[in-house]
Amino acid sequence: MKEKILTTKKNGMFVLCGCVLLMIAALTGAILGGINGENGHGWGWVLLGVSLAVLCLGWIPLCGLRVLKPQEALVLTLFGKYIGTIKGEGFYAVNPFCSSVNPAANTKLNQSGDVTTKQSALGKKEEAAAAAAIAENKKLSLKIMTLNNNRQKINDCLGNPVEIGIAVMWRITDTAKAVFNVDNYKEFLSLQCDSALRNVVRIYPYDVAPNVDTTGDGIADEGSLRGSSEVVAERIRNEIQARVDDAGLEIIEARITYLAYAPEIAAVMLQRQQASAIVDARKMIVDGAVGMVEMALERLSENKTVELDEERKAAMVSNLLVVLCGNRDAQPVVNSGSLY
């Protein structure tokens, strides 16, 4: 299905004015025809009949008037056949027997411009009328929309369940494909976002893990959902775009909006992260303590402050490491005698 843009239909004001003038002329003709017919003029009845026919049928072209705001489009069909799309702001006049098609007109998703965020203060009748008007709105929005899909629980490449949510910015680029190639392009996009998200997330671990290949080149790397969010988001965007090309949609950007371990393992993973942080901190403390001990021994040896044999050096090293690596403040002990 190829999109056909109708560019010669922006003459709605001309048709409206012509119909109004025609109706006024027909009404005048009906009055004059009736008067002359009563006076015995035969042509008066003919004029009356023509004028009444025009009054009965003259409103039909008004059914073909369409008003579009910026970044809106209408897909038109005539007796089931696609005849073209009108785009851009303006007052259009099309075939009055044409019908507008938008299978997703009444579909509500978590996306911008498609969700009512405030409670309506209207009564039941007004709300029903508003719902009917929305259902009859067949215009397609060409604006950039933001689809905020629900959070999903997905297993990463290590089998750990994680919860992740994404926001996808998209827009319609081919109205004919969006309307005719898929049953409902909004639901189709939402489903493809879920599927693409699962396919990409299962390739990555939540955090950096050893011996994990996330690029497919056979070499382990440091890719992760938490540390490589930009790369993951780009892969998700490309995956969704490949799936929605046939629906005439363009995926502008995909971003991760929520990422966390699933509640059932969140506490255990937090302890694991804490343990890893403690080990790293201890390693840094020990490295620093060893360096300080080496510096102390070198300074004592260079300045010849005191002569230490190997046993006294070992005792000094032990005492310094205990003091520097301990969690609590050291308690000083004064030795007034000899070590031997």
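Between the side chain of Lys143 and the main chain of Glu72, no donor-acceptor pair closer than 3.5 Å is present. In this structure, Asn11 contributes its side chain and Phe14 its backbone to no donor-acceptor pair below 3.5 Å. Using a distance-only test at 3.5 Å, with no hydrogens or angles considered, no donor-acceptor pair links the side chain of Ser228 to the main chain of Gly223. For the pair Gln241 (side chain) and Ile251 (backbone), a donor-acceptor distance under 3.5 Å is present. With Asn181 contributing its side chain and Asp246 its backbone, the two residues share a donor-acceptor pair below 3.5 Å. For Asn160 (side chain) and Asp156 (main-chain N/O), no donor-acceptor pair under 3.5 Å exists by modelled atom type.
Atom CG of Leu249 and atom CZ of Phe188 lie 8.0 Å apart (nearest 0.5 Å). Residue Asn102 holds its CG atom at 4.0 Å from CG of Leu140, rounded to the nearest 0.5 Å. Rounding to the nearest 0.5 Å gives a distance of 7.5 Å between CG of Leu147 and CH2 of Trp170. Rounding to the nearest 0.5 Å places CD1 of Ile164 at 12.5 Å from OH of Tyr261. Rounded to the nearest 0.5 Å, atoms CD1 (Ile166) and CG (Asn148) are 9.0 Å apart. Atoms CD1 and SG, on Ile24 and Cys19 in that order, are 11.5 Å from each other to the nearest 0.5 Å.
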Which is it for Thr175 and Leu142 under the side-chain contact (heavy atoms from CB on, under 4.5 Å) test, yes or no, and what are the steps along the way? CA-CA 9 Å; Thr175 56; Leu142 303 180; 4.1 Å; yes
Test side chain to side chain donor-acceptor pair (under 3.5 Å) applied to Thr107 and Asn184, step by step: CA-CA 8 Å; Thr107 302; Asn184 187 316; 2.7 Å; yes
Check against salt bridge (Lys or Arg N to Asp or Glu O under 4.0 Å), Glu230 and Arg235: CA-CA 9 Å; Glu230 295 289 335; Arg235 291 188 69 170; over 6 Å; no
Evaluate Thr77 against Cys98 for side-chain contact (heavy atoms from CB on, under 4.5 Å), listing each step before the verdict. CA-CA 6 Å; Thr77 59; Cys98 286; over 6 Å; no
Could you go step by step and tell me if Gln71 and Ser141 meet the side-chain contact (heavy atoms from CB on, under 4.5 Å) rule? CA-CA 6 Å; Gln71 295 297 318; Ser141 175; 5.7 Å; no
Residue pair Leu74, Lys139: steps toward the side-chain contact (heavy atoms from CB on, under 4.5 Å) verdict: CA-CA 5 Å; Leu74 271 179; Lys139 297 176 182 177; 3.9 Å; yes
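Proximity of Thr146 to Val168: side-chain heavy atoms (C-beta onward) are nowhere separated by under 4.5 Å. Contact check for Glu163 versus Gln152: no side-chain heavy atoms found under the 4.5 Å cut-off. Between Phe97 and Leu78 there is a side-chain heavy-atom pair separated by less than 4.5 Å. In this structure, the side chains of Glu89 and Lys69 stay at 4.5 Å or more apart for every pair of heavy atoms. Counting heavy atoms from C-beta outward, Ile236 and Leu197 have side chains that approach closer than 4.5 Å. Within the 4.5 Å cutoff, the side chain of Val201 has no heavy atoms near those of the Asn155 side chain.
Between Lys153 and Glu264 a salt bridge is recorded (basic side-chain N to carboxylate O distance below 4.0 Å). Salt bridge status for Arg237 with Glu239: absent, with no side-chain N to carboxylate O gap under 4.0 Å. A salt bridge between Lys87 and Glu3 is present, with a side-chain N of the basic residue lying under 4.0 Å from a carboxylate O of the acidic one.
The closest side-chain donor-acceptor pair between Thr214 and Asp221 falls under 3.5 angstrom. Between the side chains of Tyr204 and Arg226, no donor-acceptor pair of N or O atoms lies under 3.5 Å. Between the side chains of Asp213 and Thr215, at least one donor-acceptor pair of N or O atoms lies under 3.5 Å. Of the N and O atoms on the side chains of Thr173 and Glu250, not one donor lies less than 3.5 Å from an acceptor on the other residue.
Nearest heavy-atom pair, Ala233 versus Ala254, reported as atom, atom and distance to 0.1 Å: CB-O, 3.1 Å. Between Leu27 and Leu55, the shortest heavy-atom distance links the atoms N-CD2, 4.0 Å. In terms of heavy atoms, Val182 sits closest to Ala247 at CG1-CB, 4.0 Å. Scanning both residues, Cys157 and Pro205, for their nearest heavy atoms gives SG-N, 3.3 Å. Nearest heavy atoms, Ala104 versus Tyr185: CB-CE2, 3.7 Å. Between Val232 and Ser224, the closest heavy-atom pair is CG2-O, 4.1 Å.
Linking ILVMFWY side-chain heavy atoms closer than 4.5 Å, directly or via other members, places Val75 and Leu189 in a single hydrophobic cluster. The hydrophobic cluster containing Val231 also contains Ile240, counting ILVMFWY residues as joined when their side-chain heavy atoms lie under 4.5 angstrom apart, directly or transitively. Both Val244 and Val179 belong to a single network of hydrophobic side chains, linked directly or stepwise wherever heavy atoms of I, L, V, M, F, W or Y lie under 4.5 Å apart. The cluster map of Ile, Leu, Val, Met, Phe, Trp and Tyr, joined by side-chain heavy atoms under 4.5 Å apart, puts Ile172 and Ile5 in different clusters. Hydrophobic clustering places Phe79 together with Leu6 (ILVMFWY residues linked when any side-chain heavy atoms are closer than 4.5 Å, directly or through intermediates).
Annotation: cation-pi geometry satisfied between Arg151 and Tyr258 (NZ/CZ under 6.0 angstrom from ring centroid, within 45° of ring axis).
Residue-environment remark: NZ (Lys4) exceeds the threshold of 12 foreign heavy atoms within 6.0 Å. By the 6.0 Å contact criterion, CD on Glu222 is open, its count of non-hydrogen atoms from other residues, nucleotides or ligands being 12 or less. In this structure, Asp183 places its CG atom where only 12 or fewer heavy-atom neighbours from other residues, nucleotides or ligands lie under 6.0 Å away.
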